[in-house]
Protein chains: 2
Amino acid sequence: MKRRNTQAQAAVLQVLKSSDRALSHEQLQAELGTKVDRATIYRVLNRFCEDGLVHKAMDDDGKQYFAYCAGCDKPNNKHSHNHFHFKCRQCGKVECLQHKMHIPLPAGYVVTDFNGMISGYCNRCAPGEA
Amino acid sequence: MKRRNTQAQAAVLQVLKSSDRALSHEQLQAELGTKVDRATIYRVLNRFCEDGLVHKAMDDDGKQYFAYCAGCDKPNNKHSHNHFHFKCRQCGKVECLQHKMHIPLPAGYVVTDFNGMISGYCNRCAPGEA
DNA sequence: TTTATTATTGCGACTTAATCGCAATAATAA
DNA sequence: TTATTATTGCGATTAAGTCGCAATAATAAA
Ligand SMILES: [Mn+2]
Ligand SMILES: [Mn+2]
Ligand SMILES: [Zn+2]
Ligand SMILES: [Zn+2]
């Protein structure tokens, strides 16, 4: 299956690239308007994930967020998403955290994917920040 | 709202306590049979989570798994779930990993929840383990 | 013990997020 | 140009979890 350069993909990628945070399908749809179909957005995002162009993060509620791969680790030239994401319970922002993780696994275990999400309040929304 | 001791809760808790892994709603229902209703299981689990008796972990597919709180951290006597979970793509097992995490956050950020899930292959299922 | 209070349950309907089938469209190759 | 097929649009469908509400049962009060 060779990939083609399409309008829909370009549009989705452009939105992701110019965002400083991870976006939900909902948010992407809002940006794209009627230009791209709902199901298409999902399919495009999944393809981007397969290709390692974008990564996905699940929140506590089982909703997925997508971010363009910018600061991702590449140990021996293999793309890896070993960083956490932070979701603010107040403003809803989801952002990639810088810190790279390494989790010690039991012997014989093999990692294929990593999903880390921390929920809480960002600096703007933190309570007691009168 | 004061809690009551009910059949349903006792049954669910017993299954969770006697399991060495985190269980999905589906798996719990299978264990419990017709003894406890579907919606009740969900409600019981949510109550257990609120009470800090049990913790929840999301997998890549947005499906939740529940584990009885055994080896959880308690910094200054406050329950905290700062450990990862491992889900085997082959056998489906979800287990709590021992290692406790501490993620450095930007200044002013406040954590309320933590969800970490690693996917891959367990020692039994790892490919190339002929 | 009996009665009252209300947390909890069972059941079906509902919501939300995401996927799927399939015919139509449009990138790319021939 | 024409052919090939990856991709799209659209509606239907799935899957996981929640909700409303009347019935039930755990606890407290009498
Ligand atoms: Mn990445
Ligand atoms: Mn715990
Ligand atoms: Zn915020
Ligand atoms: Zn396994």
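The chains referred to below are lettered A, B, ... by the order of the sequence lines, with proteins before strands, and numbering in each begins at 1. All values below come from the heavy atoms of this structure, side chains included, with hydrogens, waters and symmetry mates left out.
- Remark: side-chain polar atoms of A:Q29 are paired, donor with acceptor, to backbone N or O of A:G33 under 3.5 angstrom.
- Residue A:Q64 is classed as a sugar-phosphate contact, given heavy-atom separations below 4.0 Å to backbone atoms only.
- Checked by atom type and distance alone, the side chain of B:S18 pairs as donor or acceptor with a backbone atom of B:Q14 at under 3.5 Å.
- Within residues 29-51 of chain B, the residues that have a heavy atom under 4.0 Å from DNA chain D are, in order of number, B:R38, B:A39, B:Y42, B:R43, B:N46.
- In this structure B:M101 satisfies the side chain to side chain contact (heavy atoms under 4.5 Å, CB included) test together with A:M101, A:I103, B:F84, B:H99, B:I103, B:F114, sequence neighbours excluded.
- Remark: A:K93 pairs with A:R21, A:C91, A:E95, A:C122, A:N123, B:Y109 by the side chain to side chain contact (heavy atoms under 4.5 Å, CB included) rule, at least two apart or across chains.
- In this structure A:D113 satisfies the side-chain hydrogen bond (donor to acceptor under 3.5 Å, both in side chains) test together with B:R89, sequence neighbours excluded.
- Residues forming a side-chain hydrogen bond (donor to acceptor under 3.5 Å, both in side chains) with B:E26 (at least two apart in sequence, or on another chain): B:K63.
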Listing, residues 41-53 of chain A side-chain donor-acceptor contacts under 3.5 Å, not counting sequence neighbours, or none:
{"unit_1": "A:N46", "atom_1": "ND2", "unit_2": "A:Y42", "atom_2": "O", "d": "3.4"}
{"unit_1": "A:D51", "atom_1": "OD1", "unit_2": "A:R3", "atom_2": "NH1", "d": "2.7"}
{"unit_1": "A:D51", "atom_1": "OD2", "unit_2": "A:R3", "atom_2": "NH1", "d": "2.7"}

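- For the segment residues 4-22 of chain A, the set of residues with a heavy atom within less than 4.0 Å of an atom of DNA chain D comprises A:R4, A:T6, A:A8, A:Q9, in numerical order.
- Below 30°, between 30° and 60°, or above 60°: for A:H83 and A:H55 the angle between ring planes is above 60°, a perpendicular geometry.
- By the 4.5 Å heavy-atom criterion applied to side chains, A:F86 and A:L97 are counted as neighbours.
- Side chain of B:Q90 to backbone of B:G120: no donor-acceptor contact under 3.5 angstrom is found.
- Along DNA chain C, the stretch of nucleotides lying under 4.0 Å from any heavy atom of chain A spans, 5' to 3', C:dA17 to C:dA29.
- Other residues, nucleotides and ligands contribute over 12 non-hydrogen atoms within 6.0 Å of the NZ atom of B:K100.
- In terms of modelled atom types and a separation under 3.5 Å, the side chain of A:H25 and the main chain of A:R38 share a donor-acceptor contact.
- Looking only at side-chain heavy atoms (C-beta outward), B:L28 and B:L16 come within less than 4.5 Å of each other.
- Under the rule for a side-chain hydrogen bond (donor to acceptor under 3.5 Å, both in side chains), the partners of B:S24 that lie at least two apart in sequence or sit in another chain are B:Q27.
- Note: NZ (B:K63) to C1' (D:dG17) measures 12 Å, nearest angstrom.
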Under 3.5 Å, N/O pairs linking protein and nucleotides 28-30 of chain D:
{"unit_1": "D:dA28", "atom_1": "OP1", "unit_2": "B:K2", "atom_2": "NZ", "d": "3.4"}

Query - 5'-to-3' dot-bracket of DNA chain C (Watson-Crick, G-U; under 3.5 angstrom; crossing pairs as [ ]; | other strand) - result: ||||||||||||||||||||||||||||||

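- Counting Ile, Leu, Val, Met, Phe, Trp and Tyr side chains that sit under 4.5 Å apart, directly or through other members, B:V94 shares a hydrophobic cluster with B:Y65, B:M117.
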